[in-house]
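Right, one structure below, let's go through it.
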Amino acid sequence: MDPSRNRTILYILFSLLLLVVGSALVSGVGSRLGFLFSGLFFREDDHRDEYTRTLILELMLENARLREISMKTALYRELLGYIRLPETRAVVARVLYRTEGLVGGGFVLDRGRADQVEIGSVCIAAAGLVGVVDRVEENTCTVLPVVIPGVLVSAVCAESGAMGLVSSAPDGGLRMDHVDMAAGPRVGEQVLTSRFGGVYPDGIVIGTVTAVEEGSRGLDMTLVLEPAVDFRRLGEVLILRRTGAE
Amino acid sequence: MRFSVRDQTIVALTVAVQFMLEVTLGRVLAAPNILVPVLVYLALNREPRWHVQGKAFFSGLSLDLLTHQPPGTSSLSMILGILAARRLLSATIAAGEVSFYLHSVLASIFSDLLFILLASRPPGAYFGVGTLLVIPRAVAPLACLVVVQILLFRIRSDSA
């Protein structure tokens with residue numbers, strides 16, 4: 001057989017092997033190294049740091065609760081106190097790095113299996129929803145942000161109550177599809193997660209409606225959204241750990 | 001197969017530049033793909049019988065590790081992309097320069113499409129309007145090369 005062909009097949013097999021097991025090998029080692037070397041950039045030798053982080057965690061959680069209360073108050077005045085983040089425990093995490101290139105945008109955080117983070121855990125920032133945990137290593141995890149293709153979020157408009165499915169837009173923003181024309185969504189209103197998706201707790205801010213367009217089939221509407229979170233400047237986030245079924 | 005320090009250095013530098021392009025221009029719109037044209041150039045001019053699989057494999061692996069992509073994705077997409085372009089154009093008879101440009105553009109586009117298919121999660125989820133970015137990624141570096149060549153030609157003509 002042609003030696004050039006043999007070499008090509010060999011390298012293709014190597015690449016396939018890497019694709020299958022390489023991620024686990026590299027991310028296993030990288031997870032540990034990333035955890036060790038994160039100390040170079042983030043000092044953790046001071047008890048005050050731990051205290052500050054705990055304080056930040058509490059404030060972020062409080063912020064999320066207050067935001068939710070504010071939304072619910074405006075929406076359902078008669079149902080004050082109907083809060084939906086009751087049994088949620090959270091762990092604060094730092095963004096170590098993000099994936100780059102033609103297919104990029106995933107965030108690698110410094111919390112993993114050791115911190116009881118699981119695949120499907122929801123990640124939020126102070127401003128709103130970041131995404132969902134897609135991969136978990138011992139000390140790190142990868143979050144797929146809502147602005148990348150393949151991530152779908154069941155959502156509801158805060159004021160009009162219009163429901164739809166939020167996904168990434170070609171320009172890097174967000175869009176909300178399959179919105180009922182009769183619901184009358186308006187520009188400027190906030191879009192929140194709804195409980196119907198089963199993945200995200202309801203009431204987390206996703207973004208704000210910037211434009212209302214007719215859907216592709218003319219029977220529904222598409223909303224253009226400005227994400228609530230600035231994904232270029234993500235530093236600290238919260239990973240929500242579910243302690244029980246909602 | 002022969003080992004050339006100069007060629008290895010060229011590939012290593014290209015990987016470094018490609019990485020810098022990905023984290024700068026790639027965040028704005030699309031980073032030009034310069035690694036594939038360099039590999040095609042080496043395949044056409046330096047290597048006997050297109051022996052660039054090794055360079056494509058190791059440069060792709062390095063780039064994947066630098067950009068935190070699943071390891072092996074760039075390697076596989078570049079090897080298969082260059083192979084596909086070569087197979088597609090093997091029947092054509094073209095002058096050296098045109099052959100290089102055609103091979104480069106096709107190999108870049110094939111590689112990028114394969115990369116999107118393999119790297120996105122779930123596989124293929126990234127295909128959409130944004131996929132059209134593979135065209136400027138493939139064409140931009142070669143367009144720059146053409147402009148530079150024309151400018152050099154004019155400068156030489158003027159000085160002659």
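By convention in this document, chain letters (A, B, ...) are assigned in the order of the sequence lines, proteins followed by strands, and residues within each chain are numbered from 1.
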Can you tell me which portion of [X] sits under 4.5 Å from chain A's heavy atoms? Options are side chain, backbone, both or neither.
| X | result |
| --- | --- |
| B:Leu65 | side chain |
| B:Ala119 | both |
| B:Ile79 | side chain |

[X] versus chain B, heavy atoms under 4.5 Å apart: side chain, backbone, both or neither?
| X | answer |
| --- | --- |
| A:Thr142 | side chain |
| A:Leu144 | side chain |
| A:Arg232 | neither |

Next on the checklist: When you compare the side chain of B:Leu61 with that of A:Phe14, does any pair of heavy atoms fall below 4.5 Å?
Outcome noted: no
Item to check | Heavy-atom closest pair, residues A:Thr8 and B:Gln53 | outcome: OG1-NE2, 2.6 Å
Checklist entry - What pair of heavy atoms forms the shortest contact from B:Gly72 to A:Leu19, and how long is it? => result C-CG, 4.1 Å
Checklist outcome for this item: Output for pair (A:Ile12 CD1, B:Leu83 CG), nearest 0.5 Å, gives 6.0 Å
Checklist entry - Got a second to check how far A:Tyr11's OH is from B:Leu80's CG, nearest 0.5 Å? => result 14.5 Å
Checklist entry - What option among B:Phe57, B:Phe127, B:Phe115 has the most heavy-atom pairs under 4.5 Å with chain A? => result B:Phe57
Checklist outcome for this item: Pair count under 4.5 Å, heavy atoms only, with chain B: among A:Ile148, A:Leu18, A:Val108, highest is A:Leu18
